[in-house]
Amino acid sequence: MGKSQLARAAAKALGRAFVHRAVDARTEAQDLLWHFDAVGRLAEAQLAGALKDVTTLYGQARLHRHIRSRLAVCRYLHPGSLWWALNWKDAAEQAERGGLAPPAQRDGGDPDNGVVVLIDEIDKAEPELPNGLLEALGAGEFLPPGRHEPVRAAEPAPLVIITSNEERALPDAFLRRCLVLHLTLPDNRAALIAHLTERGRAHFSGADPGILTTAAKQLADDRDAAREAHWTPLPGQAEYLDLLRAVLALAPGDPARQEKVLKSIAQYVLNKRAGAV
């Protein structure tokens with residue numbers, strides 16, 4: 001959670017538009033650049049086939065021109081996250097052809113100031129994904145299907161933030177082109193509890209200080225237990241904030257009840273070992 005929020009905070013601080021794409025095991029490099037709506041095109045083609053019965057009314061030549069126009073590949077091409085990041089104006093024009101809206105900007109970011117794009121948890125994908133992005137990011141352009149001219153990066157250059165939980169090693173050629181920032185939690189127990197409590201106070205300013213500290217201690221205990229049992233990944237700040245969010249929602253404004261809820265659900269929220277409920 002902290003890594004993802006860093007990207008959004010950077011966009012807000014810079015006044016830039018923000019685009020987020022979560023990666024999973026099925027994501028391919030192409031998906032970050034563009035998506036071809038084959039299902040939509042097939043449905044349009046089937047509808048066009050039904051129009052054959054009205055060719056005498058519509059005019060055969062005119063109908064064929066209309067069908068070719070409607071089934072043009074570019075009409076079913078949807079901009080991916082990196083397309084928006086590299087050239088927002090071009091992506092917006094392409095999206096309009098398909099009746100799509102630009103990514104919503106909850107923080108009021110202005111694409112004229114540039115774009116921050118977050119590619120979240122890239123290590124979930126196969127190694128081919130980061131390798132496949134090297135050419136587009138390195139050259140600053142790519143050629144989608146149905147286009148005669150490539151999509152070219154516009155100024156200002158995008159800020160591309162890529163997160164990884166290091167569950168899978170990323171290719172060296174890819175890492176050499178990245179500025180790597182390691183975000184780690186303090187190893188010292190007291191420092192860890194203080195850090196988590198501070199982050200909890202920043203996210204939930206009205207929360208009872210005792211609840212923030214108790215939750216931080218439970219997180220610290222669970223990290224120790226997970227480390228001894230060789231469970232990975234270790235629960236961290238994201239789990240701590242999720243736990244607080246649940247406790248405060250289940251017992252709003254009642255620290256005594258929050259304490260009871262915290263103890264009753266802690267093992268399920270923080271225990272990340274295989275098979276945990």
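We count residues from 1, following the sequence as given. Atoms considered below: every heavy atom in the structure, side chains included; atoms not considered: hydrogens, waters and symmetry mates.
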Expected output: side-chain Gln105 to main-chain Pro103 donor-acceptor under 3.5 Å | yes
Arg16 (side chain) donor-acceptor with Gly109 (main chain) under 3.5 angstrom = no
Distance-only, no hydrogens or angles: does the Thr27 side chain make a donor-acceptor pair with backbone N or O of Asp24 under 3.5 Å?
-> yes
Should Phe174 and Leu33 be regarded as members of a common hydrophobic cluster, given that ILVMFWY residues are connected when their side-chain heavy atoms come within less than 4.5 Å of each other, either directly or indirectly?
-> yes
Would you find more than 12 non-hydrogen atoms of other residues, nucleotides or ligands less than 6.0 Å from Glu93 atom CD?
-> yes
Side chains of Ile119 and Ser81: closer than 4.5 Å at any heavy-atom pair?
-> no
Do Leu175 and Leu129 belong together in a cluster built from hydrophobic side chains that touch within less than 4.5 Å?
-> yes
Roughly how far apart are Lys124 NZ and Arg168 CZ, rounded to 0.5 Å?
-> 11.5 Å
Specify the closest pair of heavy atoms between Asp31 and Arg26, including all atoms of both residues, with the distance to one decimal.
-> OD2-O, 4.0 Å
The reported gap from CD in Glu259 to CG in Asp208 (rounded to nearest 0.5 angstrom) is 8.5 Å
Rounding to 0.5 Å, atoms CZ (Phe142) and CG (Leu82) come to a distance of 7.5 Å
After noting the C-alpha distance and the side-chain angles of Phe204 and Arg245, does the key distance pass the side-chain contact (heavy atoms from CB on, under 4.5 Å) rule?
-> CA-CA 8 Å; Phe204 308 101; Arg245 186 173 293 106; 4.0 Å; yes
Indicate yes or no for a side-chain donor-acceptor contact from Tyr240 to the backbone of Leu212 under 3.5 Å, with no hydrogens or angles considered.
-> yes
Enclosure of Asp172 CG (heavy-atom neighbours >12, cutoff 6.0 Å) = no
Pro130 versus Leu170, closest heavy-atom pair with distance | CG-CD2, 4.4 Å
Does the side-chain contact (heavy atoms from CB on, under 4.5 Å) test come out yes or no for Arg223 and Leu185, once each step is laid out?
-> CA-CA 11 Å; Arg223 279 178 69 86; Leu185 291 173; 3.6 Å; yes
Is the side chain of Arg199 donor-acceptor paired with the backbone N or O of His195 at a distance under 3.5 Å, no angle test?
-> no
dist Asp107:CG -> Arg8:CZ (nearest 0.5 Å) comes out at 4.0 Å
Can you hop from Ile122 to Leu134 via hydrophobic side chains spaced under 4.5 Å?
-> yes
Do the side chain of Arg257 and the main chain of Leu250 share a donor and acceptor less than 3.5 angstrom apart?
-> yes
Ion pair present between Lys89 and Asp112, side-chain N to carboxylate O less than 4.0 angstrom?
-> no
How far apart are the C-alpha atoms of Arg21 and Leu32, what are their side-chain angles, what is the distance that settles it, and do they pass the side-chain contact (heavy atoms from CB on, under 4.5 Å) test?
-> CA-CA 8 Å; Arg21 174 60 192 258; Leu32 302 179; 3.3 Å; yes
At their closest point, which heavy atom of Pro255 faces which heavy atom of Ile211, and how far apart are they?
-> O-CD1, 3.6 Å
Is a donor on one side and an acceptor on the other found under 3.5 Å between the side chain of Thr163 and the backbone of Glu121?
-> yes
Look at the side chain of Gln258 and the backbone N and O of Ala251, then say whether any donor-acceptor pair between them is shorter than 3.5 Å.
-> yes
State plainly whether one hydrophobic cluster holds both Leu159 and Leu137, where clusters connect Ile, Leu, Val, Met, Phe, Trp and Tyr through side-chain heavy atoms under 4.5 angstrom apart.
-> no
Might you work through the side-chain contact (heavy atoms from CB on, under 4.5 Å) test for Lys263 and Gln218, ending with a clear yes or no?
-> CA-CA 9 Å; Lys263 292 179 179 178; Gln218 288 189 187; 3.9 Å; yes
If you take all heavy atoms of Ala10 and Val116, which pair is closest and at what distance?
-> C-CG2, 4.5 Å
Side chain Thr213, main chain Gly210, donor-acceptor under 3.5 Å = no
Are Trp88 and Val19 side-chain neighbours, meaning at least one heavy-atom pair lies under 4.5 Å?
-> yes
For Phe18 and Ala11 the tightest heavy-atom approach is CB-CB, 3.8 Å
Which heavy atom of Ala191 sits nearest a heavy atom of Asn188, and at what distance?
-> N-OD1, 3.0 Å
Please determine which of Arg147, Arg97, Arg152 meets the salt bridge (charged side-chain N to carboxylate O under 4.0 Å, His left out) test together with Asp90.
-> Arg147
Find the distance between CG (Asp224) and CG (Leu234) and round it off to the nearest 0.5 Å.
-> 9.5 Å
Is there side-chain contact between Val151 and Gln94, with heavy atoms separated by less than 4.5 Å?
-> no
Same cluster or not: are Ile193 and Leu262 linked, directly or through other Ile, Leu, Val, Met, Phe, Trp or Tyr residues, by side-chain heavy atoms under 4.5 angstrom apart?
-> no
Calculate, to the nearest 0.5 Å, the distance between atoms CG and CG belonging to Leu192 and Leu196 respectively.
-> 4.5 Å
Side-chain donor/acceptor of Asn113 to backbone N/O of Gly15, under 3.5 Å | yes
